[in-house]
Colleague: 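Quick one: the structure is below, questions incoming.
A quick note: this is a predicted structure, and the numbers were derived from the prediction, not measured. Heavy atoms only: backbone and side chains are in, while hydrogens, waters and symmetry mates are out.
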Amino acid sequence: MSYAVVVTFQINAGQMAEFLPLMEQNAATSLALEPGCHQFDIALDPARPNEVFLYELYADAGAFEAHLGSSHFRSFDKAVTPMIAEKEVKTYERVIS
């Protein structure tokens, strides 16, 4: 069973250069330290310069909850929250591959 999470961020104008390295570190740390995190993709499009799209794949919902409770995620979230104009999170309990 897999659990997918997709997140769309709208970053405040002028803050992408500060936000993106923190996002990249969060993704790398999640993949390295969380056995239930199987994929963590960051997508950007020059046509939407303030938007960041994430695709994350976890073993199950519990693995995603563990991610949200991890110290590295909590630190990341605290650092980037002021940079985010909007955030949409969707989860999918069934992933067909």
Colleague: Checking the side chain of Asp60 only, and the main-chain atoms of Ala63 only, is there a donor and an acceptor separated by less than 3.5 Å?
Modeller: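 Judged by distance alone, yes, a pair lies under 3.5 Å.
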Colleague: In a table with atom names and distances, give each donor-acceptor pair under 3.5 Å that connects a side chain of residues 74-85 to protein atoms at least two apart or in another chain.
Modeller:
from  : atom 1 : to    : atom 2 : distance (Å)
Arg74 : NH1    : Gly69 : O      : 2.1
Ser75 : OG     : Ser71 : O      : 3.1
Thr81 : OG1    : Asp77 : O      : 2.6

Colleague: Who are the side chain to side chain donor-acceptor pair (under 3.5 Å) partners of Glu51, not counting sequence neighbours?
Modeller: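 Listed in chain order: Gln10, Arg48.
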Colleague: After noting the C-alpha distance and the side-chain angles of Tyr3 and Tyr58, does the key distance pass the ring pair (Phe, Tyr, Trp, His ring centres under 6.0 Å) rule?
Modeller: CA-CA 5 Å; Tyr3 189 80; Tyr58 295 87; 7.3 Å; no
Colleague: Mind listing the side-chain donor-acceptor pairs of residues 39-47 below 3.5 Å, one per line with the distance, residues two or more places apart or on another chain?
Modeller:
from  : atom 1 : to    : atom 2 : distance (Å)
Gln39 : NE2    : Asp41 : OD2    : 2.5
Asp45 : OD1    : Ala47 : N      : 2.8

Colleague: Any donor-acceptor pair under 3.5 Å linking the side-chain atoms of Glu34 with those of His72?
Modeller: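 Judged by distance alone, the side chains do pair up.
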Colleague: Do any pairs count as a ring-ring contact (aromatic ring centres under 6.0 Å, His included) and have a residue in residues 11-39, sequence neighbours left out, and if so which ones?
Modeller: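 Found Phe9-Phe19.
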Colleague: By side chain to side chain donor-acceptor pair (under 3.5 Å), which residues pair with Asn50, not counting sequence neighbours?
Modeller: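 By the side chain to side chain donor-acceptor pair (under 3.5 Å) rule, Asn50 matches no residue at all.
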Colleague: Is Phe53 reachable from Tyr92 through a run of hydrophobic residues whose side-chain heavy atoms are each under 4.5 Å from the next?
Modeller: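 Yes, because Tyr92 and Phe53 connect within a single hydrophobic cluster, where side-chain heavy atoms sit under 4.5 Å apart.
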Colleague: Kindly write out the residues that satisfy salt bridge (charged side-chain N to carboxylate O under 4.0 Å, His left out) with Glu88, not counting sequence neighbours, or none if the list is empty.
Modeller: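 Expected list: Lys90.
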Colleague: Among Leu57, Leu31, Thr29, which residue meets the side chain to side chain contact (heavy atoms under 4.5 Å, CB included) test with Cys37?
Modeller: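 With Cys37 as partner, side chain to side chain contact (heavy atoms under 4.5 Å, CB included) holds for just one option, Leu31.
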Colleague: Under a 4.5 Å cut-off applied to non-hydrogen side-chain atoms, are Asn26 and Phe73 in contact?
Modeller: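 They are in side-chain contact.
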Colleague: Take Leu54 and Val5 through the side-chain contact (heavy atoms from CB on, under 4.5 Å) test and state the conclusion after the steps.
Modeller: CA-CA 8 Å; Leu54 306 181; Val5 179; over 6 Å; no
Colleague: Rounded to the nearest 0.5 Å, what separation is found between the OG atom of Ser30 and the CD atom of Glu56?
Modeller: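 One finds 7.0 Å between OG of Ser30 and CD of Glu56.
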Colleague: Determine whether Arg94 and Ile96 make a side-chain contact, defined as any pair of heavy atoms from C-beta on separated by less than 4.5 Å.
Modeller: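 A side-chain contact exists here, since the closest heavy-atom pair is under 4.5 Å.
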Colleague: Looking at CD of Glu65 and NE2 of His67, how far apart are the two atoms once the value is rounded to the nearest 0.5 Å?
Modeller: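 Taking CD in Glu65 and NE2 in His67, the distance rounds to 10.0 Å.
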Colleague: Would you call Val6 and Thr8 a side-chain contact if the rule is heavy atoms closer than 4.5 Å?
Modeller: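 When only atoms from C-beta onward are counted, Thr8 and Val6 do not touch, as no gap falls below 4.5 Å.
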